[in-house]
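Here's the structure we're looking at; comments come further down.
Chain letters run A, B, ... following the sequence lines, proteins first and then strands; every chain starts at 1. Just so it is clear, the values below take in all heavy atoms, side chains as well, and ignore hydrogens, waters and symmetry mates.
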Protein chains: 2
Amino acid sequence: MSNSITAETSGSAGLLFASRISVEQVEEGFELAPKFDRDGLIACVTTDAMTRGVLMLGYMNREALELTLLTGEAHYWSRSRQVLWRKGSSSGLVQRVVEMRIDDDQDAVWLCVSLSSGIRSEPASCHVGYRSCFYRTVELKTGKLSFAENTKTFDPKSVYGDAPNPTLL
Amino acid sequence: MSNSITAETSGSAGLLFASRISVEQVEEGFELAPKFDRDGLIACVTTDAMTRGVLMLGYMNREALELTLLTGEAHYWSRSRQVLWRKGSSSGLVQRVVEMRIDDDQDAVWLCVSLSSGIRSEPASCHVGYRSCFYRTVELKTGKLSFAENTKTFDPKSVYGDAPNPTLL
């Protein structure tokens, strides 16, 4: 199937992605043939190599996935800011890829990363200041939230200054 | 802020979801105020309480999220089949919620689950037969895939019979 690694390629890393030819190839094959959605994005769950918890759920466009593979540092597409986003470019909170996985139908990526300390912080991943973006638990039956992380690892104001908050209502 | 828990509610579990009023409420509050996308879905990453690895990345509509909270069993919205999907309804591979978390801007859910054995299988989560949907690693630089799980925990044919494969090209 190696001759299928041409049709859907683009950009600097043209040889990284294969065309999606068959269910068998996608599910049981050895070629990376990612499925980007109608916005050109693929979902990415990122876990912490140290705590083994989930840090964040982000999205990559083709370029972000290519750059992540080529540099070993997590890149995403920021949906709220609509820009390619090298994680840590403003905060210093870089994510170094320890392992990358792809799921059965290749429409989701799992990155296991090691976190670096930031310019003004302990290792963290969340713009609110916590290590993980998933810092709150949801109680079954009631839906009430409680904080699983009790202290922020950094002060967002001192790291991000007046940059717009990426959270959209 | 408790009086905001009415406007966006619907269905049997009307009291579970709050309206999204402010960034502060969404990021730092105690109310579950999920953000569903233009298709009415929220992303859900599901991890394995035993192995601590990522099992799958799925999507929930409002009803699936409500049912997951109320029953303690994972429900999803199948995008390929366009139906509400109680995980395990045909395979017996039920996911019991150990912990649910929500992320900073409340547009992603993290479920930590315990897997039950299926009708004809060991505990598993993936329709291809592996424990995790993320059974393949992606090599940095080259994008080549290799199998992190080497043996299937069940034979999909004996569990799903002739049901259509959910993988879309």
Is [X] in contact with chain B via its backbone, its side chain, both, or neither, using a 4.5 Å heavy-atom distance?
{"X": "A:Glu139", "value": "backbone"}
{"X": "A:Thr46", "value": "neither"}
{"X": "A:Lys141", "value": "both"}

Below 4.5 Å, heavy-atom pairs only: which of [options] has the largest tally toward chain B?
{"options": "A:Leu65, A:Thr142, A:Val97, A:Val45", "value": "A:Val45"}
{"options": "A:Leu69, A:Asp104, A:Leu32, A:Asn165", "value": "A:Asp104"}
{"options": "A:Val26, A:Val109, A:Leu140", "value": "A:Leu140"}

>> Hydrophobic cluster membership, with links at side-chain heavy-atom distances under 4.5 Å among I/L/V/M/F/W/Y: are B:Phe17 and B:Leu70 in one?
In response: yes
> Hey, quick one: are A:Tyr59 and B:Phe134 part of the same hydrophobic cluster, counting side-chain heavy atoms closer than 4.5 Å, chains of contacts allowed?
Replying inline: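 The answer is yes; both residues are in one hydrophobic cluster.
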>> Do the side chains of B:Arg131 and B:Glu149 get close enough for a salt bridge, i.e. N-O under 4.0 angstrom?
In response: no
> A:Tyr135: what forms a ring-ring contact (aromatic ring centres under 6.0 Å, His included) with it, not counting sequence neighbours?
Replying inline: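 Applying ring-ring contact (aromatic ring centres under 6.0 Å, His included) to A:Tyr135 gives A:Tyr130, A:Phe147.
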Mind ranking [options] by heavy-atom pairs under 4.5 Å with chain A and telling me who comes out on top?
{"options": "B:Val54, B:Thr68, B:Asp105", "result": "B:Val54"}
{"options": "B:Gln106, B:His127, B:Arg38", "result": "B:Arg38"}
{"options": "B:Lys144, B:Glu27, B:Met56", "result": "B:Glu27"}

> Is the distance between the ring centroids of B:Trp85 and B:Tyr76 less than 6.0 Å?
Replying inline: yes
> Are any non-hydrogen side-chain atoms of A:Lys87 and A:His75 less than 4.5 angstrom apart?
Replying inline: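 No - every pair of side-chain heavy atoms lies 4.5 Å or more apart.
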> So, B:Glu73 and B:Gln95: side-chain donor and acceptor under 3.5 Å apart, yes or no?
Replying inline: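 Checked: B:Glu73/B:Gln95 side chains show no N/O donor-acceptor pair below 3.5 Å.
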> Side chain, backbone, both or neither: which part of B:Thr137 has a non-hydrogen atom closer than 4.5 Å to chain A?
Replying inline: both
